[in-house]
Asks: 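Below is one structure. I have some questions about it.
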Amino acid sequence: MDDTDGTRASGLDIQDLRLIRAVADGGSITAAAAVLGYSQPAVSQHLKRLEARTGLPLVERVGRRARLTEAGRVLARHAPAVATALEAAQGDLDLLRGGGAGRVRLAGFPSASATVLPRLLAALAQKHPGIQLQYVEAEPPEAVDAVRDGRADLALTFSFPGDREDPHGESARGLSVQVVGHDDLLLVLPAAHPAAGEEGVDVARLAEENWIGGCPRCRRHLLELCARAGFAPRITFETDNFVAVESLVAQGIGVATLPRMALEATPRHAGVTIRSLPGRERRTLHLVSARGAERVPSVRAVREVVERVLPGILGPESSPAGSARGPRAEDPRN
């Protein structure tokens with residue numbers, strides 16, 4: 001933890017940012033010391049020297065806990081981007097040495113776990129065997145937070161049109177948000193339902209049906225979809241288990257909507273019929289990362305493989321405008 005080198009008298013290094021990030025995550029000097037593998041007095045002294053160099057208080061004590069000041073929070077926000085830049089530099093050096101290794105931490109939602117992840121792992125094993133993929137399942141808000149906090153390098157997420165709690169808005173500011181595909185929302189009906197033989201079923205025809213709601217964000221979109229059709233759905237069951245949704249529909253318990261990706265995750269249940277909705281309802285798929293993460297060779301390789309496998313799951317018309325291999329269009333809000 002020695003930072004007495006005169007070349008650093010007024011500058012910052014990655015260890016400074018890691019220290020601030022550890023205090024933010026752990027909530028105390030002691031917790032930060034345990035994470036970083038240093039003694040508590042060493043961390044306290046480093047903080048004092050860092051505050052002296054910046055000329056600003058970075059940490060304030062509240063009882064036995066520590067929390068960041070506004071200046072500390074500013075430094076903590078920069079930690080993921082700085083770590084990404086260092087990883088990019090290391091990746092470029094590895095390429096010059098002929099290496100193709102790296103570790104990528106990916107977060108993804110449940111239906112992506114059952115569809116994208118197996119194909120991604122198979123493709124990486126064939127084309128990039130040196131890349132180690134670590135995967136955690138997380139809904140979009142938690143996945144975006146994981147990227148922001150430096151716990152994930154990449155997140156595969158989704159959003160619905162008009163979602164007032166879209167995690168790709170203000171909460172993703174400062175991150176890279178790339179649209180990588182569109183996942184059609186489909187109607188799931190019992191096989192014997194009167195509308196089972198039709199395509200483009202008008203949702204208004206189902207106003208008197210019992211409905212099965214999905215995850216909180218899927219449920220909000222269902223409410224909005226039905227509101228546009230002039231009614232409030234009678235939601236009698238809620239589950240984010242898409243296998244359970246199909247089973248409930250097959251038993252005539254209710255009707256539901258599910259994204260194509262969820263329906264592709266398991267064999268089709270014999271007791272259900274899948275029908276399209278008018279206007280092609282769909283959710284948008286995103287890849288979220290720290291800005292500049294595409295410069296890290298291993299992260300870039302994982303992004304490219306995800307883009308290649310998605311059309312095989314969602315259909316060729318699911319890609320964003322242009323080609324999945326064409327120029328990346330980042331969200332203008334960020």
Side-chain angles (χ1 to χ4, degrees), residues 80 84 87 102-128 131-160 163 165-169 171-172 175-185 214-219 221 239-245 258-266 282-290 293-294 296 298-315 318-320 324 328 330-331 334:
T84 294
E87 289 175 4
R103 181 191 68 163
V104 177
R105 299 163 299 168
L106 173 66
F109 50 92
S111 54
S113 303
T115 53
V116 176
L117 181 61
R119 301 187 190 202
L120 172 61
L121 289 171
L124 287 176
Q126 181 180 10
K127 297 180 178 298
H128 306 282
I131 295 178
Q132 177 189 1
L133 185 73
Q134 295 182 351
Y135 183 82
V136 61
E137 190 170 275
E139 292 291 343
E142 292 74 29
V144 171
D145 287 343
V147 173
R148 177 174 295 287
D149 294 342
R151 292 178 285 112
D153 304 298
L154 200 58
L156 180 60
T157 62
F158 67 85
S159 65
F160 286 105
D163 188 349
E165 298 182 32
D166 184 355
H168 308 91
S171 62
L175 301 177
S176 170
V177 181
Q178 175 197 348
V179 174
V180 291
H182 302 285
D183 191 7
D184 289 336
L185 196 65
C215 70
R217 296 175 63 246
C218 300
R219 182 180 184 276
H221 183 70
T239 175
D240 57 4
N241 184 325
F242 43 85
V243 177
V245 171
L258 282 175
R260 183 181 300 277
M261 185 177 285
L263 292 166
E264 291 292 331
T266 58
R282 60 187 188 175
R283 62 182 181 178
T284 301
L285 304 185
H286 312 264
L287 278 175
V288 181
S289 64
E294 69 279 356
V296 180
S298 56
V299 174
R300 183 169 63 247
V302 171
R303 291 178 72 130
E304 290 172 351
V305 174
V306 169
E307 291 176 26
R308 284 201 299 270
V309 303
L310 278 174
I313 299 168
L314 304 174
S318 66
S319 298
R328 291 186 174 91
E330 292 192 357
D331 192 322
N334 301 305

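Sequential numbering from 1 along the given sequence is applied to the chain's residues.
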Asks: Distance from L156 atom CG to F109 atom CZ, nearest 0.5 Å?
Replies: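 Separation between the atoms: 4.5 Å.
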Asks: Within this structure, what is the NE2-CG distance for the pair H286 and L175, rounded to the nearest 0.5 Å?
Replies: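 Reported to 0.5 Å precision, the distance equals 13.0 Å.
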Asks: So, for A262 and F242, which heavy atoms are closest and what is the spacing to 0.1 Å?
Replies: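 That closest heavy-atom pairing would be O-CD1, 3.6 Å.
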Asks: Should F158 and M261 be marked as a side chain to side chain contact (heavy atoms under 4.5 Å, CB included) after you check the CA-CA gap, both sets of side-chain angles, and the distance that decides it?
Replies: CA-CA 11 Å; F158 67 85; M261 185 177 285; over 6 Å; no
Asks: Regarding E307 and Q178, do their side chains bring together a donor and an acceptor under 3.5 Å, going by distance alone?
Replies: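 Checked: E307/Q178 side chains pair up, N/O donor to acceptor below 3.5 Å.
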Asks: Would you check if E264 and S111 make a side-chain contact, meaning some heavy-atom pair closer than 4.5 Å?
Replies: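 No, side chains not in contact.
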Asks: Heavy atoms only: give me the nearest A123-V305 pair and the separation to one decimal.
Replies: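 Minimum heavy-atom separation between A123 and V305: CB-CG1, 3.5 Å.
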Asks: Is there a salt bridge (charged side-chain N to carboxylate O under 4.0 Å, His left out) between D183 and R260 once you walk through the steps?
Replies: CA-CA 6 Å; D183 191 7; R260 183 181 300 277; 5.4 Å; no
Asks: Give the minimum heavy-atom separation between A138 and E142, together with the two atoms involved.
Replies: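 Taking every non-hydrogen atom into account, CB-CB, 4.1 Å.
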Asks: Drop me the distance from L185's CG to L263's CG, to the nearest 0.5 angstrom.
Replies: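 It comes to 9.0 Å.
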Asks: Identify the two heavy atoms, one from A290 and one from V147, that lie closest to each other, and give their separation to 0.1 Å.
Replies: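 Heavy atoms of A290 and V147 come nearest at N-CG1, 3.7 Å.
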Asks: Are side-chain heavy atoms of K127 and E304 found at a separation under 4.5 Å?
Replies: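 No, too far: nothing below the 4.5 Å cut-off.
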Asks: Roughly how far, to the nearest 0.5 Å, is CG of L124 from CG of L117?
Replies: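 Spacing of CG (L117) from CG (L124) equals 9.5 Å.
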Asks: The test is side chain to side chain contact (heavy atoms under 4.5 Å, CB included); show your working for V302 and D153 and say whether it passes.
Replies: CA-CA 10 Å; V302 171; D153 304 298; over 6 Å; no
Asks: Under 30°, 30 to 60°, or over 60°: which ring-plane class applies to H221 and F160, parallel, tilted or perpendicular?
Replies: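 Aromatic pair H221/F160 classed parallel.
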Asks: Taking all atoms of both residues into account, what is the closest heavy-atom pair of A265 and T115, and its distance?
Replies: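 That would be CA-CG2, 3.6 Å.
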Asks: Closest heavy-atom contact between S289 and L154?
Replies: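 Taking every non-hydrogen atom into account, CB-CD1, 3.8 Å.
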Asks: Measuring from atom CG of D145 to atom CD of E139, what distance do you get when rounded to the nearest 0.5 angstrom?
Replies: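 Separation between the atoms: 12.5 Å.
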Asks: I need the R103 CZ to Q134 CD distance, nearest 0.5 Å.
Replies: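 The CZ atom of R103 sits 5.0 Å away from the CD atom of Q134.
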Asks: Between S113 and E137, does any side-chain donor sit less than 3.5 Å from a side-chain acceptor?
Replies: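 Yes, because at least one side-chain N or O of S113 sits under 3.5 Å from a partner of the opposite role on E137.
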Asks: Any side-chain to backbone donor/acceptor pair from D184 onto R282? Under 3.5 Å, distance only.
Replies: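 Here the side-chain-to-backbone pair does not exist.
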Asks: S159 vs R217, test: side chain to side chain contact (heavy atoms under 4.5 Å, CB included). Steps then yes/no.
Replies: CA-CA 8 Å; S159 65; R217 296 175 63 246; 4.0 Å; yes
